[in-house]
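Below: the structure, in structure tokens.
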Amino acid sequence: MNPSIDPDTPVLVTGASGFIASWIVQYLLHEGYTVHGTVRDPSRPEKVAHLMEMRDREQGGKLKLFEADLLDDGSFAEAMKGCELVIHTASPFFISGIKDAQKQLVDPALQGTRNVLNTASQSPDVKRVVLTSSAAAIYGDASDKEQTENGVFTEAHWNTSSSLTHQPYSYSKTVAEREAWKLAEQQDQWDLVVINPAFVMGPSLSQRKDATSTETLLQLAGGQFKSGAPALYFGIVDVRDVAQAHIKAGFTPGASGRHILSDKVMSFLDMAQTLRREYNGQLPLPKGLIPKPLAYIFGPLQGLTWKFLRENWGIPIAFDNSRSQEDLDLTYRPAEQALLDSVADMQSKGWL
Ligand code: NAP
């Protein structure tokens with residue numbers, strides 16, 4: 001379709017208060033766009049205070065907040081009025097403390113995607129939807145790489161190993177993205193561009209400690225793994241690059257398809273070593289790995305099942321990120337910089 005978005009129309013960002021979305025909103029405001037941001041509860045200062053500050057600081061663009069819930073059909077309609085571009089980031093992101101995966105993860109991710117995209121089909125101005133999916137919709141377990149041709153995950157791969165009972169967050173992202181492609185094919189008013197970030201790091205614009213990206217790094221830098229790092233590997237990408245990728249995906253007429261975002265794969269131990277070089281003994285960082293037998297004993301207490309450990313422990317992964325560079329003209333900040341900037345941000349907020 002190659003739509004050209006009129007820069008004078010508002011851009012809808014769902015889940016505007018989130019870790020990633022806040023950066024998208026900030027960049028859009030800075031570039032002078034009008035942003036319609038949705039939040040679940042605009043009366044909660046811990047969710048919206050930073051957006052209000054941003055609105056006052058970034059005088060170029062205008063920010064208007066709307067209340068909308070993924071599970072409330074039609075609730076995005078008002079915010080979508082007049083928008084040619086919809087950036088749909090809202091989806092629950094947590095990997096621990098899951099009691100009912102269907103209700104907590106899959107329903108909001110899947111029904112929420114249907115809700116937002118069906119509203120897009122009923123909103124005649126919408127020309128493009130950019131969906132925040134995840135690398136978790138590309139692969140579930142590190143061992144899935146055995147099914148790839150050369151051990152490298154690309155946009156051609158889909159996660160087939162996650163389920164409601166095994167890696168349910170990854171499952172929620174997979175079913176939601178599949179549904180988005182299905183709905184996109186059923187109409188020809190708007191086109192879909194998907195962003196598949198690996199693990200996102202970098203400074204947070206809000207004061208929230210409980211975003212999963214923030215929480216995971218706080219565990220590492222705050223000493224939870226002091227006696228030994230889990231032998232787990234992640235693709236890492238800076239939140240500022242993820243935000244720019246969404247904006248480029250929205251405003252590049254020829255952009256299409258899925259886009260893995262990952263600068264580099266690092267293990268927890270690699271991350272600890274990067275931080276040790278900078279902080280030289282000031283942070284309680286692990287110096288080695290947790291021995292595998294101990295991981296099997298203590299892992300289940302931390303919510304890591306034996307199946308998860310078997311399919312992920314000590315198995316490095318690799319991503320091909322060339323599509324993001326070619327289709328979106330994205331340049332990556334080094335993963336190490338994302339990590340160091342995250343920790344500096346946490347220190348400046350008194351969290352470490
Ligand atoms: P986050 O800060 O926790 O943001 C999640 C957003 O989803 C919040 O704005 C939240 O709104 C919204 N949300 C959750 N349930 C909702 C519901 N029922 N109705 C309306 N909104 C709801 O996490 P994030 O890291 O920025 O994640 C944003 C997106 O990126 C998600 O789609 C996530 O799957 C994806 N992603 C994240 C990473 C990563 O490493 N961070 C990697 C790949 C993909 P409230 O403010 O109202 O709670």
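As the structure is a prediction and not an experimental result, all values here were calculated from the model. Order of appearance sets the numbers: ligands from 1, and atoms from 1 within every ligand.
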Q: Among all protein heavy atoms, pick the one closest to atom 44 (C) of ligand 1 and tell me residue, atom and distance.
A: S133 O, 3.2 Å
Q) Would D141 and S143 count as having a side-chain donor-acceptor pair, cut-off 3.5 Å? A) no
(Q) Are Y139 and H157, when compared by the centres of their aromatic rings, separated by less than 6.0 Å? (A) no
Q.
Check contact between A198 and ligand 1, using heavy atoms of the residue and a distance below 4.0 angstrom.
A. yes
Q | Modelled atom types, side-chain donor and acceptor of W181 and E177, under 3.5 Å | A | yes
Q.
Give me the nearest non-hydrogen protein atom to atom 18 (N) of ligand 1 as residue plus atom name, then the distance to 0.1 Å.
A. D69 OD1, 3.2 Å
Q. Hey, are N159 and S170 close enough side-chain-wise for a donor-acceptor pair under 3.5 Å?
A. no
Q. Can you list the atoms of ligand 1 that are under 4.0 Å from a heavy atom of S17?
A. 9 (O), 45 (P), 46 (O)
(Q) Could you tell me if H246 and T89 have a donor-acceptor pair between their side chains, going purely by distance under 3.5 Å? (A) no
Q) Ion pair present between K81 and E78, side-chain N to carboxylate O less than 4.0 angstrom? A) yes
Q) Please state which protein non-hydrogen atom is closest to atom 10 (C) of ligand 1 and give its distance, to 0.1 Å? A) R40 NH2, 4.1 Å
Q: Write out the residue and atom name of the closest protein heavy atom to atom 8 (C) of ligand 1, then the distance separating them to 0.1 Å.
A: G18 CA, 4.1 Å
Q: May I ask you to list the atoms of ligand 1 that are less than 4.0 angstrom from any heavy atom of K173?
A: 31 (C), 32 (O), 33 (C), 34 (O)
Q: Name the orientation class of the two ring planes belonging to F319 and F153 (parallel below 30°, tilted from 30 to 60°, perpendicular beyond 60°).
A: tilted
(Q) Check for me whether T132 has a heavy atom closer than 4.0 Å to any atom of ligand 1. (A) yes
Q: Indicate yes or no: does an N/O atom of P108 lie under 3.5 Å from an N/O atom of ligand 1?
A: no
Q. Which residue supplies the protein heavy atom nearest to atom 38 (C) of ligand 1, what is that atom called, and how far is it?
A. V200 CG2, 3.6 Å
Q.
Under the ring-ring contact (aromatic ring centres under 6.0 Å, His included) test against F199, which residue among F93, F234, F19 passes?
A. F234
Q: Would you confirm whether Q224, through its side chain, and L218, through its main-chain N or O, come within 3.5 Å as a donor-acceptor pair?
A: no
Q.
With the threshold set at under 4.0 angstrom, would you say S206 reaches ligand 1 through any of its heavy atoms?
A. no
Q. Among F19, F199, Y169, which one has a heavy atom closest to atom 36 (N) of ligand 1?
A. Y169
Q: Please write down residue, atom name and distance for the protein heavy atom closest to atom 39 (C) of ligand 1.
A: F93 CE2, 3.3 Å
**Q.** Donor on one side chain, acceptor on other, D270 and S267, under 3.5 Å
**A.** yes
Q.
Do D41 and S43 pair up side chain to side chain, a donor and an acceptor below 3.5 Å, judged on atom types alone?
A. yes
Q: May I ask you to identify the nearest protein heavy atom to atom 9 (O) of ligand 1, giving residue, atom name and distance to one decimal place in Å?
A: G15 O, 3.1 Å
Q | Distance from atom 19 (N) of ligand 1 to nearest protein heavy atom, with residue and atom | A | L70 N, 2.9 Å
**Q.** Proximal atoms of ligand 1 relative to S213 (non-hydrogen, under 4.0 Å)
**A.** 39 (C), 40 (O), 41 (N)
Q: Run the salt-bridge test on R240 and D341 with the 4.0 Å N-O cut-off and return the result as yes or no.
A: yes
Q. Ligand 1 versus A68, non-hydrogen atoms closer than 4.0 Å: side chain, backbone, both, neither?
A. backbone
Q: Heavy-atom contacts with T89 under 4.0 Å: which atoms of ligand 1 show up? List them by number with element.
A: 28 (C), 29 (C), 31 (C), 32 (O)
Q.
Less than 4.0 Å is my threshold; does some heavy atom of R208 fall inside it relative to ligand 1?
A. yes
**Q.** Atom indices of ligand 1, in the order listed, that fall short of 4.0 Å to a heavy atom of K47
**A.** 45 (P), 46 (O), 48 (O)
Q. Does the side chain of T305 come under 3.5 Å of the side chain of H166 through a donor N or O and an acceptor N or O?
A. no
Q) Side chain, backbone, both or neither: which part of S91 has a heavy atom under 4.0 Å from ligand 1? A) both
